[in-house]
Amino acid sequence: MRFFLLMLAIVVLTPVTLQAETTFVDVTREAGIHFRHSSGTRSSLLIEDMGSGAGFADIDNDGDIDLYIVNIPHPFTQEVSPDRKTNVLYRNNGDGTFTDITNIAGVGHQGYGMGCVFADYDGDGSVDLYVTNYGANVLYHNNGDGTFRDVTQTADVGCKLWSTGAAFADVDGDSDLDLYVCNYVTYDLEKLEQMQEESLQSGKPVPSALNPHVFAPQDNVFYRNNGDGTFTDATAELGIAAPGGRSMQCLFSDFDNDNDLDLYVANDTSVNYVYRNAGDGTFTDVSDASWAADFRGSMGLSAGDYDGDGDVDLFMSHWVDEENALYRNLLKEDAPSKHIRFVDESYSAMLAEVGIKQIGWGTALFDYDNDGDLDIFVTNGSTFQELKQPEVLIPQVDALFSNNGDGTFSDVSEISGITALPTRVGRGAAFGDYDNDGDVDIFIVNNHAAPILLRNEGGNRNNYMHVELIGTDQNRNAIGAKIQLKTADRTQIREVYAGESYMSSNSFVVEFGVGNATQIETLQVTWLNGDTQARHNIPTNQRIRVTQE
């Protein structure tokens, strides 16, 4: 009898082999992407190790998303030359491949590149490009013919600090897009030789040139759009500089559902900031009251309604031993107070411990398998050097977490093919359906290495609905608009963002997975001015365009 019970226990505890219905495949080379981040040998400078971001956007209005990748030169010198590595723009050919059009487009900036964000800042119908740098930033105006021109000086947005992430949004309701720029630390290359060789970062000895604690933080900058192609620095007026922040990424979202855009700023080794929009273009610092301003090393930032309760939650990737954070929005519980308040659900969601030894960067809340709820991807990569090869950073495996629909997540990195990919030092990541097959693909920028374009294989086994919004005012990308989609068994919401992940920019096409649903009962758009439009009884598995009336 005892032997029988033992055998029964063994049978019960035998692990079940999971079969993945959705996998990700590395198609970088077959897609024609031959980029490499930096060149030469790493020299243990913080600028090198920060990596860079990327952006998906349809720059030529041909219906598919193109790709911009930010780079850094090596060695570090102010001189430019034909051989110096530049940022790269790839045009989507519409057949799963890309063509390098950097030189033709005129966007091959040779600065110390950090991040990028696309948006049509002047409302002419073509998306423009803002690039952040260690040093002066650059604004490229899209000429509408596949070329761009540098309008930084005219627009007056060439912040000369060490800029990282950036985001566009209409914060004052005047229909044009304002610009918020994150800045990091004061990092003087000429003074690095005078510094002590090592210092402590979270109790670990690291070269001082790699330790952000050693350097003074820089304030962020807010540029108000004047509506005539120029901007005005209104940071002091609005009080949203996030002082002391060492900022990595920012994101505009309507956290309190009052139809204006609030601001979250994710900071490295500093307290994060939450600013509530009063509805008149002014902000109030509600960081402490929000419960979402922890002192940690925040890197990547994403927003979305992961629990399906109608308000926008937050996810951010963190430094080692600080676990990634999933903040659930308490708006539903706090109604009708309209406070901005979150609760950290990282442990209850089964997300904290699984990533505690990783250093996370680019990230997204997105529906990779089109089952109707938001999953999480994090690209990982260490900031620590190999002991025997100090010129090399330690690579780490990226991670994919599937939403179980009950407030918890499961690590599906292995069965989805993520762990089978080359292990590299991940940094920026951009998300979008580059091959227009109905599921979301991922592009990852790897530090001092080739990037990875991950094609989603099988996410479109479930049905989908992709929505492209066209605003009629200067906010042509409808940034800040909300989409509510109802099927027979659930309601989903999305917002349109310009600037998220880690120093990156995702596709403006809003992607919904709808599981087995074959029809959308109602799709309602709430524009930033409060107007709503609705469509009913829409067949699934298509992209639709909704133009503001």
Side-chain angles (χ1 to χ4, degrees), residues 44-53 72 111-115 117 132-137 157-167 179-192 194-196 198-204 206-223 233-251 263-275 283 285-288 290 292-301 316-320 322 325 359-361 383 427-428 499 502-503:
S44 295
L45 295 175
L46 188 56
I47 304 170
E48 295 173 307
D49 293 358
M50 289 279 282
S52 57
I72 62 171
Y112 302 155
M114 291 290 130
V117 57
T132 61
N133 297 300
Y134 170 79
N137 299 338
V157 290
C159 180
K160 296 181 180 180
L161 303 177
W162 182 356
S163 299
T164 50
L179 174 62
Y180 190 83
V181 180
C182 294
N183 293 310
Y184 196 49
V185 298
T186 300
Y187 195 79
D188 191 337
L189 292 171
E190 295 181 357
K191 296 181 179 179
L192 291 181
Q194 305 171 13
M195 299 175 57
Q196 57 183 329
E198 285 192 344
S199 57
L200 293 178
Q201 185 178 9
S202 295
K204 299 177 176 64
V206 299
S208 291
L210 298 176
N211 189 351
H213 279 294
V214 174
F215 306 97
Q218 295 177 332
D219 287 355
N220 299 338
V221 178
F222 173 76
Y223 293 105
D233 184 342
T235 316
E237 177 186 339
L238 271 63
I240 53 175
R246 299 183 179 90
S247 298
M248 289 289 209
Q249 184 62 50
C250 55
L251 187 144
L263 173 63
Y264 192 93
V265 183
N267 296 320
D268 183 19
T269 67
S270 312
V271 175
N272 295 341
Y273 280 85
V274 186
Y275 293 103
F283 289 83
D285 185 345
V286 296
S287 305
D288 291 339
S290 75
D294 293 348
F295 187 104
R296 282 189 267 188
S298 298
M299 308 296 185
L301 177 63
M316 64 196 70
S317 54
H318 281 138
W319 205 61
V320 66
E322 295 179 340
I359 299 180
W361 303 83
T383 57
R427 290 297 185 258
Y502 174 72
M503 301 195 298

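For the single chain, residues carry numbers from 1 onward in sequence order.
Here the CE atom belonging to Met248 is positioned 4.0 Å from the CE atom belonging to Met50, to the nearest 0.5 angstrom. Note that CG of Leu161 and OG1 of Thr186 are 7.0 Å apart. Values are rounded to the nearest 0.5 Å. Interatomic distance, Asp49 CG to Arg427 CZ, rounded to the nearest 0.5 Å: 6.5 Å. Distance check, rounded to the nearest 0.5 Å: CH2 of Trp361 to CE of Met299 gives 4.0 Å. Taking SG from Cys182 and CG from Asp268, the interatomic distance works out to 12.0 Å, rounded to the nearest 0.5 Å. Distance CD1/Ile72 to CD1/Ile47: 8.0 Å, rounded to 0.5 Å.
Crowding of Asp288 atom CG: a count of heavy atoms from other residues, nucleotides or ligands under 6.0 Å not exceeding 12.
Side-chain contact between Ser52 and Met114 is absent, with no heavy-atom pair separated by less than 4.5 Å. For the pair Thr383 and Leu210, the minimum side-chain heavy-atom distance is 4.5 Å or more. Looking at His318 and Asp294, their side chains never come closer than 4.5 Å, going by heavy atoms from C-beta outward.
Partners of Tyr273 under the ring-ring contact (aromatic ring centres under 6.0 Å, His included) rule, at least two apart in sequence or in another chain, are Tyr275. Checked against side chain to side chain donor-acceptor pair (under 3.5 Å), Asp233 has the following partners two or more places apart in sequence or in another chain: Thr235. Residues that satisfy the ring-ring contact (aromatic ring centres under 6.0 Å, His included) test with Tyr223, not counting sequence neighbours, are absent from this structure.
Judged purely by distance below 3.5 Å, without hydrogens or angles, the side chains of Trp319 and Thr269 never pair a donor atom with an acceptor atom.
Between Trp162 and Tyr134, the angle of the ring planes goes over 60°, which puts this pair in the perpendicular group of the 30/60° scheme.
Asn272 approaches Met316 most closely through the heavy-atom pair ND2-SD, 3.5 Å.
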